[in-house]
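To keep things clear, I will list the structure first and then write my remarks on it.
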Amino acid sequence: MARVLVTRRLPFAALDRLAAEGHEVTVCDGELPPDRATLERAIAGADGLLCMLTERVDAALLDHAPQLRVVANYAVGVDNIDLAACAARGIPVGNTPDVLTAATADLAFALLLAAARRLAEGERAIREGDWHTWVPDRWLGADVHGATLVIVGAGRIGEAVARRAAGFDMRVLRVGRSDDLHAALGQADFVSVHTPLTPATRHLIDAAALAACRPGAILVNTARGGVVDQVAVAAALRSGHLAAAALDVMDPEPLPPDDPLLDAPNLLVVPHIGSATRGAREQMAELAVANVLAGIAGEPLPHPAPSPTLPD
Ligand code: DGY
């Protein structure tokens, strides 16, 4: 019998397997993530941790869990976890790749289309009584077909977005770690960000990168807020250099309602819902539980988190 800490309620059958296999499961039951003190108390004595991207798993937290044998993140991104600190203690880290690729790519494309065709603005106008007749020159958006989409981060989700873009007759440029980002951005009508957040990618999309985009470009981010310099995004929206930005992810999350970014024009924001389909979240639970079970059995994890130095 091992002790497993799950840091949020997950209403999926996969979790039942932990108890069914005889393990003692503690679930942090609140709507909000456990605060640090609660997490430190709860993790003491745990053999396995199934955590969300809202938990910072660093050396200080691991010091409270001397017998921890596995960290299973309920996410594909692992920027909330100090991988080096885990490795130093011999604790394997797992994530949930592949099963959320399609859902996240769908959302990226939904944001791209919504920003291009000004859906949120049009909907607001109707609700506010500001739609009086068919208008020849209002709510004019950007053509998606024939436009150039630059995909930053040539991994699985980026590829899935590229497939969707091909179906919309877009020209796609993929930018990986070794490619010239600014040269590609110079051709961008749309930019979609799909790179993990690492020290090397923090603020990769900064003021200079935005300036390199074609005037009137549209930015979509479903990766991590920290990959984009939000102050620079707000400035580019205000100057009109960016026609729009559509963000599923922000830094910090949640973004305080008085954050100046929210006052920028032509900004569409949604609350980190890239993987938020029932199917994706159920499968993420399956993968995370499989990682926990393997880790506490001392077996290799079926879904180990990639080293941050691997290609994005
Ligand atoms: C992930 O898995 O990293 C996503 O951001 C969660 O939706």
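These numbers come from the heavy atoms of this one structure, side chains and all, not from hydrogens, waters or symmetry mates.
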With rounding to the nearest 0.5 angstrom, report the [atom1] to [atom2] distance, [X] to [Y].
| X | Y | atom1 | atom2 | answer |
| --- | --- | --- | --- | --- |
| I157 | H194 | CD1 | NE2 | 7.5 Å |
| L237 | L219 | CG | CG | 8.0 Å |
| E31 | R8 | CD | CZ | 8.5 Å |
| C51 | L5 | SG | CG | 9.0 Å |
| D251 | R202 | CG | CZ | 5.5 Å |
| L247 | H272 | CG | NE2 | 12.0 Å |

Answer yes or no: is there a donor N or O on one side and an acceptor on the other, between the side chain of [X] and the main chain of [Y], under 3.5 Å?
| X | Y | answer |
| --- | --- | --- |
| E55 | M52 | yes |
| T96 | A75 | yes |
| D179 | L181 | no |
| T38 | P34 | no |
| R69 | I296 | yes |
| D143 | H145 | no |
| T198 | T201 | yes |
| H241 | C213 | yes |
| R127 | E123 | no |
| D248 | I273 | yes |

Note, [X] side chain near [Y] side chain (heavy atom, < 4.5 Å):
| X | Y | result |
| --- | --- | --- |
| N95 | P306 | yes |
| I81 | C86 | yes |
| V25 | V6 | yes |
| L10 | Y74 | yes |
| D189 | I218 | no |
| R138 | W131 | no |
| D47 | V4 | no |
| R9 | D29 | yes |

Could you please spell out the steps behind the side chain to side chain contact (heavy atoms under 4.5 Å, CB included) verdict for V233 and L210?
-> CA-CA 8 Å; V233 169; L210 294 171; 3.9 Å; yes
Regarding [X] and [Y], is there a side-chain donor-to-acceptor distance under 3.5 Å anywhere?
| X | Y | value |
| --- | --- | --- |
| N80 | N73 | yes |
| T148 | R171 | yes |
| T195 | R224 | no |
| R3 | T26 | no |

Same cluster (ILVMFWY, side-chain, under 4.5 Å), [X] and [Y]:
| X | Y | value |
| --- | --- | --- |
| V27 | F12 | yes |
| V150 | V144 | no |
| V76 | L83 | no |
| V228 | L111 | no |
| L293 | I91 | no |

Give me the atom names and distance for the closest heavy-atom approach of [X] to [Y].
| X | Y | result |
| --- | --- | --- |
| R214 | G186 | CG-O, 3.4 Å |
| A234 | L261 | CB-CD1, 4.0 Å |
| A209 | I205 | CB-CA, 3.9 Å |
| G94 | N291 | CA-ND2, 3.5 Å |
| D63 | P66 | O-CD, 4.1 Å |
| T7 | C28 | O-CB, 3.4 Å |

Salt bridge R36-D58, side-chain N to carboxylate O under 4.0 Å |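 Salt bridge flag = yes for D58 with R36.
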Assess whether side chain to side chain contact (heavy atoms under 4.5 Å, CB included) is satisfied between V193 and V220, documenting all intermediate values.
-> CA-CA 6 Å; V193 179; V220 176; over 6 Å; no
Derivation of the side chain to side chain contact (heavy atoms under 4.5 Å, CB included) call for M250 and V269 | CA-CA 9 Å; M250 280 139 263; V269 280; 4.0 Å; yes
Assess whether atom CZ of R117 is packed by more than 12 heavy atoms of other residues, nucleotides or ligands within 6.0 Å.
-> no
Step-by-step side chain to side chain contact (heavy atoms under 4.5 Å, CB included) determination, D82 to V57 = CA-CA 6 Å; D82 184 338; V57 179; over 6 Å; no
